[in-house]
Asks: 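Right, I'll just put the structure down here and ask away after.
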Number of protein chains: 2
Amino acid sequence: MVRQLTPARAGLWRHVSRMANDNLGPYFALLYEVGIINQIGTAFLEARLPSDLLVSHFGVVSHLIRVCDGATPIELARAFQVAKTTMTHTLAGLEKHGFVEMRPNPGDKRSKQVWLTPAGQQFRDEALAKLAPLFEALEDRFSSRRVAAMLPDLAEFRSVVDRLRDEMK
Amino acid sequence: MVRQLTPARAGLWRHVSRMANDNLGPYFALLYEVGIINQIGTAFLEARLPSDLLVSHFGVVSHLIRVCDGATPIELARAFQVAKTTMTHTLAGLEKHGFVEMRPNPGDKRSKQVWLTPAGQQFRDEALAKLAPLFEALEDRFSSRRVAAMLPDLAEFRSVVDRLRDEMK
DNA sequence: TCCAACTAGTACGATGTCGAACTATATAAC
DNA sequence: GTTATATAGTTCGACATCGTACTAGTTGGA
């Protein structure tokens, strides 16, 4: 999962972000930073997962543990904002590994429920354990307190963009 | 390019971000916000591009205009942090549209140079024009000044993670 | 000079994600 | 109750991205 090309880390938005002369610059710059952080974060996690498992698999298992076990595939698709066909694919992978179990939804015969298995629990625990030293190293260079301080503005911006997206659909 | 599923906008990291009880929370929460913003930003732009063109095409053209016309494919691949095979594919698309022109690199017979055509210029101008009203709407709800204020911390975090990534490779 | 190691670019196959189309079930309107 | 519409999930085909493997050309050290 590690990229063939190592240097630079530019990303989609760097270039555009230099357009200046108007007020678009900061928005593009934000998207630039955000794109890279997302990319690196995903790559970090994925490099510490079994080779045939992706961040999406980790995410689903985490969701079942933390938010609600027995969620339906469509709920999961919405939670992760992916197409439902993509969730079908992801769940098939998890089922093949024995990390989740699909059961019929007693309240709706069209639907199913996704339940975590002990193996799925273990998968998530191990992934988190492998991630720990990484976050310790991070803490030394950019404290979680500083990150926490950035969160409110970032969340508000996200929320604004999210609503704007729906309105402009 | 508009998603089949509209609601929620959760994303990869929400779930994990609630693990609490330790200092990992803020990091995961940041990755969650960042993932969504990136996703929405890309979808916004892509929805305003001709249907068979992606943000990557827009990015390459912007790069040629703003950073350096006549760049080599490998330079572009590094700049965007994608595999060189991906850049080959992207450039083929741009060439098919007549937006760029591939010429031999006079200094290295293995290599090529990518040059923008007038049509490529126009493509970028039109894309930016379509984007303008969107950013005006944004300005009303979350000013570019506020975004600019967020940038230094975000850029530093990005830089830290970027270096960490190389060290832990 | 010559050869080993490296680099630029492409071809190919694998895989993840998507939208469209479909089946089965649910819901709402009449 | 019947029928139209909406929803859950799958299958399928399209396509973007990736890694591997290859060719052609470059570079640096014996």
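Predicted model, so just to flag it, every value in this text is computed and none were measured. Within every chain, numbering begins at 1; the chains are lettered A, B, ... in the order of the sequence lines, protein sequences first and strands thereafter.
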Asks: Hey, which sits more toward the 5' end of DNA chain C by its nearest nucleotide, B:S111 or A:H57?
Replies: B:S111
Asks: B:K112 NZ to D:dA24 P: how many Å, rounded?
Replies: 14 Å
Asks: Under a 4.5 Å cut-off applied to non-hydrogen side-chain atoms, are B:I37 and A:F157 in contact?
Replies: yes
Asks: Side chains of B:F123 and B:L128: closer than 4.5 Å at any heavy-atom pair?
Replies: no
Asks: Rounded to whole angstrom units, what separation is found between the CG atom of A:L49 and the P atom of C:dT15?
Replies: 17 Å
Asks: Indicate whether OP1 or OP2 belonging to C:dC18 is found under 4.0 Å from a side-chain N or O atom of A:T85.
Replies: no
Asks: Answer with yes or no whether B:K84 presents, from its side chain, a donor or acceptor under 3.5 Å of a partner atom in the base of C:dG9.
Replies: yes
Asks: Roughly how many Å is it from CG in B:L54 to P in C:dG19, rounded to a whole number?
Replies: 13 Å
Asks: Would you mind reading off the distance between A:E46 atom CD and D:dC18 atom P, rounded to a whole angstrom?
Replies: 11 Å
Asks: Counting only non-hydrogen atoms, which of residues 89-98 of chain B are less than 4.0 Å from DNA chain D?
Replies: B:H89, B:T90
Asks: Side-chain donor-acceptor pair under 3.5 Å between B:H97 and B:D52, yes or no?
Replies: yes
Asks: Taking atom types as modelled, is there a side-chain donor on B:T117 or B:E101 under 3.5 Å from an acceptor on the other?
Replies: no
Asks: Could you check whether A:T88 gets within reach of a base, just the sugar-phosphate, or nothing at all, counting any heavy atom under 4.0 Å?
Replies: base
Asks: Figure out the NZ/P separation between A:K109 and C:dT27, and round it to whole Å.
Replies: 12 Å
Asks: Check whether any side-chain nitrogen or oxygen of A:R78 sits under 4.0 Å from OP1 or OP2 of D:dA8, and answer yes or no.
Replies: yes
Asks: Taking CD1 from B:I74 and C1' from D:dA24, how many angstroms apart are they, rounded to a whole number?
Replies: 14 Å
Asks: Assess the side chains of A:T72 and A:Q113: does a donor N or O sit below 3.5 Å from an acceptor N or O?
Replies: no
Asks: Taking salt bridge (charged side-chain N to carboxylate O under 4.0 Å, His left out) as the test, write out the residues that go with B:E126, two or more places apart.
Replies: none
Asks: Is B:S111 reaching over with its side chain to a backbone N or O of B:G107, donor-acceptor style, under 3.5 angstrom?
Replies: no
Asks: If the cut-off is 4.0 Å, is A:T86 near the phosphate of C:dC18, judged by side-chain N/O to OP1 or OP2?
Replies: yes
Asks: To the nearest Å, give me how far apart CE (A:M87) and P (D:dT10) are.
Replies: 11 Å
Asks: Select one nucleotide: of D:dG19, C:dT25, D:dA8, the one nearest the side-chain heavy atoms of B:A83.
Replies: D:dG19
Asks: Write down the distance between CG (B:N105) and P (C:dT10), rounded to a whole number of angstrom.
Replies: 13 Å
Asks: Would you classify A:D108 as touching base, sugar-phosphate or nothing, given that sugar-phosphate means primed atoms plus P, OP1 and OP2, and contacts are heavy atoms under 4.0 Å?
Replies: sugar-phosphate
Asks: Using a distance-only criterion (donor-acceptor N/O pair, under 3.5 Å, no hydrogens), is the base of D:dT26 paired with the side chain of B:R110?
Replies: no
